[in-house]
Asker: 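Got a structure for you, written out below as structure tokens; questions coming shortly.
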Amino acid sequence: MPPLSHHTASHHTAHPAAALDLARTVWPAVPPRPVVLVPIGSTEQHGPHLPFDTDSVIARAVAEGAARVLPGEPLVAPPLPYGASGEHAHFPGTVSIGQEALCSVIVELVRSLSLWAESVVLVNGHGGNAVPLGIAVPRMRAEGHDVAWTGCGVPGGDAHAGRTETSVMLHLTPQDVRLDLAVAGDTRPIATLMPDLIAHGVRAISPTGVLGDPTGATAEEGRGLMDLMVSLTARRVIAGVADSRGHLVDPDEPAGCADGAVVPRRPESEAAH
């Protein structure tokens with residue numbers, strides 16, 4: 001059964017921020033059979049101007065924003081800070097657990113959460129995590145678990161550490177953005193870059209690690225982008241329609257914003273080199 005399939009949008013209520021945070025609550029305060037949103041992030045380079053936890057910060061903010069408008073008493077779990085980021089392996093500081101390990105982590109997370117949660121929504125902030133999610137989530141659904149996943153992308157967003165992510169981070173954690181160090185990277189469309197990214201990784205395409213152009217990024221623009229991400233996520237969860245990958249879809253939303261704007265990871269055999 002898709003997440004929240006038994007609810008309707010008319011039951012929206014506002015929730016205090018502290019009540020949403022699973023990490024800060026205590027077990028007697030956990031509501032019976034809640035919906036749990038789990039941010040799935042990464043620890044990877046985001047150019048010379050954005051922090052390594054950019055994807056985790058954005059995924060958490062989207063999950064929290066969506067939880068505030070979803071019906072019932074949803075909870076937001078602590079974000080998973082490591083993902084499949086092998087395409088960034090040539091940049092110091094990047095930490096990737098790879099596709100196979102991430103798939104296993106997702107499986108065990110869902111099995112554990114399902115012991116007390118009614119449904120699980122995985123909110124993904126890094127495009128490289130899409131393949132493991134697309135493998136693990138259908139497996140969990142076949143086991144009978146009520147789980148699905150969704151991305152944090154927006155229509156027209158650039159690929160990685162460009163104007164889109166820079167604006168959002170200026171809105172969420174401006175103290176962590178080194179805007180004076182921001183530089184433009186390779187701005188070609190992701191479809192054009194994809195063959196080289198898969199074969200050689202990000203650094204071979206962009207020595208700075210930026211795919212896009214952060215020029216013009218503002219906190220105001222980031223606020224609007226975050227509002228859109230939250231709105232799209234909440235609508236998908238409420239609709240409860242998932243494709244064969246367990247990926248939540250909304251037939252009414254614009255094309256090109258479902259999976260996030262970041263690039264998929266390199267093959268596992270190349271990730272350690």
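Everything quoted here is computed from the prediction, not taken from an experiment. Positions are given from 1, in the same order as the sequence printed here.
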Asker: Would you call M169 and V57 a side-chain contact if the rule is heavy atoms closer than 4.5 Å?
Answerer: yes
Asker: Nearest 0.5 Å, please: how far is CE in M140 from CG in L109?
Answerer: 10.5 Å
Asker: Using modelled atom types and a 3.5 Å cut-off, is there a donor and acceptor pairing between side-chain atoms of D213 and backbone atoms of R163?
Answerer: no
Asker: Any side-chain heavy atom of P174 within less than 4.5 Å of one from L179?
Answerer: no
Asker: Strictly distance-based, threshold 3.5 Å: is any side-chain N or O of H49 a donor or acceptor partner for the main-chain N or O of A161?
Answerer: yes
Asker: Has S167 got a side-chain atom pairing as donor or acceptor with A219's backbone, closer than 3.5 angstrom?
Answerer: no
Asker: Is there a side-chain contact between W149 and R245, using heavy atoms and a 4.5 Å cut-off?
Answerer: yes
Asker: List the atom of D158, the atom of G212, and the distance in Å for their closest heavy-atom pair.
Answerer: OD2-CA, 4.1 Å
Asker: When you compare the side chain of L197 with that of V202, does any pair of heavy atoms fall below 4.5 Å?
Answerer: yes
Asker: Using modelled atom types and a 3.5 Å cut-off, is there a donor and acceptor pairing between side-chain atoms of T233 and backbone atoms of M229?
Answerer: yes
Asker: Are any side-chain N or O atoms of S104 and backbone N or O atoms of E100, one a donor and one an acceptor, separated by less than 3.5 Å?
Answerer: yes
Asker: Do you know which of H88, H90, R203 makes side-chain hydrogen bond (donor to acceptor under 3.5 Å, both in side chains) with Q45?
Answerer: H88
Asker: Going by side-chain hydrogen bond (donor to acceptor under 3.5 Å, both in side chains), D55 matches just one of R60, H46, H160. Which one?
Answerer: H46
Asker: Under 4.5 Å between any side-chain heavy atoms of V241 and D250, yes or no?
Answerer: no
Asker: Considering all heavy atoms of both residues, which atom of A148 and which atom of V137 are nearest to each other, and what is their separation?
Answerer: CA-CG1, 4.0 Å
Asker: In Å, rounded to the nearest 0.5 Å, how long is the span from CD1 of I205 to CD of E87?
Answerer: 12.0 Å
Asker: Quick one: does S119's side chain have a donor or acceptor within less than 3.5 Å of a partner on D146's backbone?
Answerer: no
Asker: Would you say the side chain of I198 lies within less than 4.5 Å of the side chain of M194, judging by non-hydrogen atoms?
Answerer: yes
Asker: Any Lys/Arg nitrogen of E108 or R111 sitting under 4.0 Å from an Asp/Glu carboxylate oxygen of the other?
Answerer: yes
Asker: CG/L225 to CG/L170 distance, rounded to the nearest 0.5 angstrom?
Answerer: 11.0 Å
Asker: Within the distance-only criterion (no hydrogens, no angle test), does the side chain of T173 pair as donor or acceptor with the backbone N or O of Q175 below 3.5 angstrom?
Answerer: no
Asker: So do the side chains of P31 and L75 get within less than 4.5 Å of each other, counting heavy atoms only?
Answerer: yes
Asker: Has E220 got more than 12 heavy atoms of other residues, nucleotides or ligands less than 6.0 Å from its CD?
Answerer: no
Asker: Measure the spacing between CD1 of I106 and CG of N124 and express it to the nearest 0.5 Å.
Answerer: 8.0 Å
Asker: How long is the straight-line distance from OG of S206 back to CG of L193, given to the nearest 0.5 Å?
Answerer: 9.0 Å
Asker: Side chain to side chain contact (heavy atoms under 4.5 Å, CB included) between L50 and T166: does it pass, once the steps are laid out?
Answerer: CA-CA 7 Å; L50 293 180; T166 302; 3.7 Å; yes
Asker: Any chance you could measure L102, atom CG, to S85, atom OG, to the nearest 0.5 Å?
Answerer: 9.0 Å
Asker: I'd like to know if the side chain of T43 reaches the main chain of D53, judged simply by a donor and an acceptor atom lying under 3.5 Å from each other, with no hydrogens or angles considered.
Answerer: no
Asker: When you measure from the side chain of D243 to the backbone of H247, do you find a donor-acceptor pair of N or O atoms at a distance under 3.5 Å?
Answerer: yes
Asker: Looking only at atom types and distance, does a side-chain atom of R236 sit under 3.5 Å from a main-chain N or O of V249, one as donor and one as acceptor?
Answerer: no
Asker: Applying side chain to side chain contact (heavy atoms under 4.5 Å, CB included), run through L37 and L70 and close with a yes or a no.
Answerer: CA-CA 11 Å; L37 293 89; L70 291 176; 4.1 Å; yes
Asker: How about W116 and P34: do any of their side-chain heavy atoms sit closer than 4.5 Å?
Answerer: yes
